Chemist: 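Below is the structure I would like to discuss, written out as structure tokens.
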Amino acid sequence: MHNLNTTFLDGLNPAQKSAVNHHTGPLLVVAGAGSGKTRALTHRIAHLISEHGVDPGEILAVTFTNKAAKEMKERLEILLAQRLSKIQFGQPWATLQLAQQRQLRNRIYNETIKELWIGTFHALFARLLRFDINKFNDVNGLKWTRQFSIYDESDAQTLVKEIVTKELQLDPKRYEPKKIRWAISSAKNKGILPEELEEESEGRRGKLTAQAYRLYRQSLAANNALDFDDLLLIPVHLLTQNKQVRNYWHERFKHILVDEYQDTNRTQYELIKLLVTNGEDPSLFNKWFNRSIFVVGDADQSIYSFRAADFRILMGFQKDFGDQESDDSTKTMVKLEENYRSTSTILKAANFLITKNKERIDKVLRATRGEGDLIKLTKCDDEIAEAESVVHQLRLIEAANRDLKWGDMAILYRTNAQSRVIEESLVRWRIPYIVVGGLRFYDRREIKDVLAYLRLLINPADTVSLLRVLNVPRRGIGKTTVQRLTDASDQLGIPLWDVVSDKEAVLSLGGRSAKGVIQFCELIHYLKTQLEKTSPADLIQLVIEKSGYISELINDATDHAEERRKNLQELINAAAQYQDENDNPDIQGFLASAALASDSDNKDTAADRITLMTLHSSKGLEFPIVSLVGMEQGLFPSYRSIDDPAALEEERRLCYVGLTRAKEKLFLSHACERRIWGGSREPALPSIFLSEIPDELLQGDIPRTGGASLRRDNHLERLVRVDREKTNAFPHDTEAKNSIRRRFSGPGAGKSWSVGDKVMHAKFGEGEITHTFGSGEKMSIAIKFKGMSPKILDPRLAPIQPLEKG
DNA sequence: TCCAAGAGACTTTTT
DNA sequence: GTCTCTTGGA
């Protein structure tokens with residue numbers, strides 16, 4: 001008789017087995033790229049449920065993206081259904097008929113999957129707040145109800161901008177709302193209150209930021225809205241201050257799993273701690289007999305420190321939750337080091353690269369596959385040539401390999417803006433592609449408009465949404481009318497909606513446009529009557545029709561309008577899909593999922609298309625063929641990180657993530673110059689990361705000297721080409737020397753520079769010019785200083801003096 | 001009150 | 001190059 005319980009351990013390596021077998025207590029799974037991390041997670045959940053009899057409702061699994069959550073649910077569903085087929089029919093899954101398979105999956109879905117809490121931190125804790133936010137006691141006495149709206153980053157920025165310009169009467173040019181928003185967010189994440197910030201900050205600017213913060217918090221509460229930070233911070237405060245609430249959730253979630261643990265921040269860590277130990281000191285916590293904390297991550301793949309992620313949280317896991325054992329104790333840590341994804345060549349390159357980082361847990365990826373092809377490195381003239389060359393390479397591969405499809409290929413880049421040139425090449429060759437990321441679907445104007453209607457229906461206090469749709473589509477309600485209405489609401493201290501829905505007040509205030517306002521109110525009132533009896537998808541349909549939104553789009557004959565109509569249809573489809581996937585679908589749930597969705601979540605990956613995306617969005621994915629473009633100093637690594645060792649290490653981890661996405665073939669490329677947003681051409685050196693990959697793993701245009709510097713002849717090549725182009729982007733070299741002398745007044749201004757010259761830099765010391773780039777206003781020089789990668793400087797600005805002629 | 005045209009910002013990565 | 005915001009005229 002086949003032992004059913006071993007099902008979820010079959011086919012796993014010893015390390016994976018011990019992870020999956022883990023029952024209670026803390027466990028850190030250090031899982032390298034492609035080492036079967038997701039497999040360990042899903043198998044462990046299945047194992048907990050079927051082997052240890054854990055109630056699915058007691059499991060909380062945190063993923064990094066909604067997409068990952070969805071995938072995990074699907075894989076679990078299949079795993080458990082396969083097992084059920086053996087129990088129920090006594091035969092393997094593959095031999096079942098499709099209808100039988102579907103029936104089993106439905107059963108598993110309804111009995112098990114729906115009960116699990118799987119999702120991102122934000123989604124899960126938004127869900128928790130839907131239960132308990134009314135029990136939250138704010139220090140400033142602010143209040144929220146369960147009908148709260150979730151403001152995404154752009155909503156939050158709108159609010160801050162309002163506060164800066166209207167309430168504080170500041171010039172938004174001097175006090176940029178974006179920066180103030182950022183300062184508020186980081187204060188929030190450090191747990192600093194406005195009053196504390198006001199006290200500790202000095203100078204006018206700091207005080208004003210603190211004031212904006214205080215007003216912003218008040219404003220959020222007045223709108224009954226939370227921003228992304230609040231979705232995590234309020235639960236921390238709530239669970240800390242309210243023992244009953246904390247106890248409830250602590251008892252409820254006995255088994256907590258966190259994926260991508262290296263990318264958690266302090267707030268998220270606090271949440272996990274509170275839930276796991278019920279507020280007790282984790283290192284003293286000893287009631288593990290029926291509960292566990294299981295985290296999976298790879299410090300080498302931590303790429304979100306700009307969002308306050310801190311991979312030292314992962315590195316401290318054993319000390320935090322542990323048994324005071326040594327860091328290598330196998331009781332609380334398992335290392336998955338066998339890579340099943342990439343060829344050994346690709347892995348060697350990745351391993352070499354990542355060892356340049358100082359701060360990391362020592363770990364090596366062991367190859368389980370063959371050597372594979374060398375990594376192809378291509379040097380291109382500019383970004384257009386690079387795009388052409390990448391597309392050309394991929395076309396050749398596609399033509400030569402019957403079993404490779406476009407869908408097996410990905411082009412990865414550092415910044416979203418890089419996609420455009422590549423798209424143009426792909427269009428030219430009629431190659432199907434899909435761009436992941438960039439403008440979020442839910443950030444499109446028409447989508448935000450319709451969602452604002454829905455938010456207003458649920459949460460009448462949501463003034464941001466009200467103002468968004470009051471005159472959309474046009475109802476003849478202009479600026480003056482809006483001003484009068486908001487003034488009234490300010491004076492009376494009541495929400496704008498209360499003014500707008502007061503017919504007499506509107507008639508006395510609204511003047512000529514009162515008619516439009518009253519019409520709008522009637523619309524909202526009518527829609528509210530439909531709220532209870534209508535599904536999200538139908539309600540959206542109703543909003544679009546009754547508001548006149550769709551007829552305005554139909555009357556508009558531009559291409560824009562056509563696309564907007566399609567997007568609205570897509571929104572209805574998304575709502576329908578949400579209804580299918582959720583047990584008790586309601587508008588609020590749909591709005592929450594919309595606010596927390598990212599662009600990569602709902603893309604149909606089945607179609608046969610090349611995927612274009614940023615390195616960040618590629619985390620967790622794999623492709624047989626990967627092309628990593630724009631490997632240039634200043635672009636990747638980003639210019640903001642070049643002088644900051646910690647930031648550079650993060651860029652290197654990002655590069656590591658990129659390399660390890662590839663299964664079979666990896667292409668790297670860099671351009672010698674690149675156009676920055678339509679304007680000037682900027683010269684570019686190959687990325688330092690290229691020099692950190694051993695030459696013997698590379699083929700193609702390998703830089704001769706240490707990788708990070710250009711070949712000397714390249715400069716000549718390029719000048720010749722520029723001449724040939726006859727564009728006026730570059731004046732001729734001799735003119736250049738004359739025109740430098742004009743404006744800039746650094747110590748190096750007006751001097752002439754050539755390769756081989758020795759220079760003295762105020763900060764970096766003595767160096768040698770290795771290259772000059774461009775000419776005229778655009779001239780810059782590359783200097784090699786001792787112990788550093790070459791720096792590109794503007795001779796008119798940099799504090800440099802010539803030493804001797806070379 | 002509405003609309004078109006021009007100015008200006010933007011580019012690091014995202015829940 | 002592209003999106004958003006402002007401005008001036010109808």
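Keep in mind the model is a prediction, meaning the values are calculated, not measured.
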Chemist: Among all residues two or more places apart in sequence or in another chain, which pass the ring-ring contact (aromatic ring centres under 6.0 Å, His included) test with Tyr433(A)?
Modeler: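 Result, ring-ring contact (aromatic ring centres under 6.0 Å, His included) vs Tyr433(A): none returned.
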Chemist: Considering only atom P, compute the distance from dT13(B) to dT4(C) and round it to an integer number of Å.
Modeler: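 Looking at atom P only, dT13(B) and dT4(C) are 16 Å apart.
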Chemist: How do Lys178(A) and Tyr304(A) order along DNA chain B: which one's closest nucleotide is nearer the 5' end?
Modeler: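 Nearest-nucleotide comparison on DNA chain B picks Lys178(A).
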Chemist: Could you check whether Phe228(A) and the base of dT15(B) form a stacked pair, meaning centres closer than 5.5 Å and planes differing by less than 30°?
Modeler: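 One would not call Phe228(A) stacked on the dT15(B) base.
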Chemist: Could you state the OH-C1' distance from Tyr151(A) to dT14(B), rounded to the nearest angstrom?
Modeler: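 Atom-to-atom, Tyr151(A) to dT14(B), this comes out as 21 Å.
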Chemist: Check every strand shown and say whether Phe121(A) touches a base, only sugar-phosphate, or nothing at a heavy-atom separation below 4.0 Å.
Modeler: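 No contact at all - Phe121(A) keeps every heavy atom at 4.0 Å or more from the nucleic acid.
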Chemist: Classify Lys619(A) by what it touches in the nucleic acid, base, sugar-phosphate, or nothing, heavy-atom distance under 4.0 Å.
Modeler: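 No contact.
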Chemist: Would you say Arg445(A) has more than 12 foreign heavy atoms packed within less than 6.0 Å of its CZ?
Modeler: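 Check fails, neighbour count at 12 or below.
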Chemist: Please identify each residue that fulfils side-chain hydrogen bond (donor to acceptor under 3.5 Å, both in side chains) with Arg146(A), with sequence neighbours left out.
Modeler: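 If we apply the side-chain hydrogen bond (donor to acceptor under 3.5 Å, both in side chains) test to Arg146(A), skipping adjacent residues, there are no hits.
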Chemist: Rounded to whole angstrom units, what separation is found between the CG atom of Leu412(A) and the C1' atom of dT13(B)?
Modeler: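 For the pair Leu412(A) CG and dT13(B) C1', the rounded distance is 13 Å.
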Chemist: What pairs with Arg420(A) under side-chain hydrogen bond (donor to acceptor under 3.5 Å, both in side chains), at least two apart in sequence or on another chain?
Modeler: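 With neighbours one apart ignored, the set is Glu424(A).
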Chemist: Could you state the CG-P distance from Leu615(A) to dT11(B), rounded to the nearest angstrom?
Modeler: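 Atom-to-atom, Leu615(A) to dT11(B), this comes out as 18 Å.
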Chemist: Applying side-chain hydrogen bond (donor to acceptor under 3.5 Å, both in side chains), name anything that partners Gln262(A), two or more places apart in sequence or on another chain.
Modeler: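 Applying side-chain hydrogen bond (donor to acceptor under 3.5 Å, both in side chains) to Gln262(A) gives Glu260(A).
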Chemist: Going by ring-ring contact (aromatic ring centres under 6.0 Å, His included), name the residues that satisfy it together with Phe590(A), two or more places apart in sequence or in a different chain.
Modeler: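 Once residues adjacent in sequence are excluded, the partners of Phe590(A) under the ring-ring contact (aromatic ring centres under 6.0 Å, His included) criterion are Tyr578(A).
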Chemist: Would you say dT1(B) has OP1 or OP2 under 4.0 Å from some side-chain N or O of Thr481(A)?
Modeler: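 Looking at the OP1 and OP2 atoms of dT1(B), one of them is under 4.0 Å from a side-chain N or O of Thr481(A).
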Chemist: Write out a two-atom table: protein N or O, nucleotide N or O from nucleotides 3-9 of chain B, distance below 3.5 Å.
Modeler:
| unit_1 | atom_1 | unit_2 | atom_2 | d |
| --- | --- | --- | --- | --- |
| dC3(B) | OP2 | Arg474(A) | NE | 3.0 |
| dC3(B) | OP2 | Arg474(A) | NH1 | 2.9 |
| dC3(B) | OP2 | Arg474(A) | NH2 | 3.1 |

Chemist: Assign Asn416(A) to base, sugar-phosphate, or nothing according to its heavy-atom contacts below 4.0 angstrom with the strands shown.
Modeler: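 Sugar-phosphate, no base atom in range.
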Chemist: Checking all strands, does Ser641(A) fall into the base, sugar-phosphate, or nothing category for heavy-atom contacts under 4.0 angstrom?
Modeler: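 No contact.
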Chemist: Tell me if a side-chain donor or acceptor on Thr481(A) pairs with a main-chain N or O of Ile477(A) at a distance below 3.5 Å.
Modeler: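 Checking the backbone N and O of Ile477(A) against the side chain of Thr481(A), no donor-acceptor pair under 3.5 Å is found.
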Chemist: Taking donor-acceptor contacts at under 3.5 Å, does the side chain of Arg414(A) reach the base of dT13(B)?
Modeler: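 For Arg414(A), whose side chain was compared with the base of dT13(B), there is a donor-acceptor pair (under 3.5 Å).
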Chemist: Give me the distance, rounded to whole Å, that separates dT11(B) from dT6(C) when you measure between the C1' atoms they each carry.
Modeler: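 The answer is 23 Å between these two C1' atoms.
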Chemist: Would you indicate what Phe636(A) reaches in the nucleic acid, counting non-hydrogen atoms under 4.0 angstrom: base, sugar-phosphate, or nothing?
Modeler: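 It contacts nothing in the nucleic acid.
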Chemist: Using the closest heavy atom to pick a nucleotide of DNA chain B for each, name whichever of Glu176(A) or Gly478(A) lands nearer the 5' end.
Modeler: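 Looking at DNA chain B, the more 5' nearest nucleotide goes with Gly478(A).
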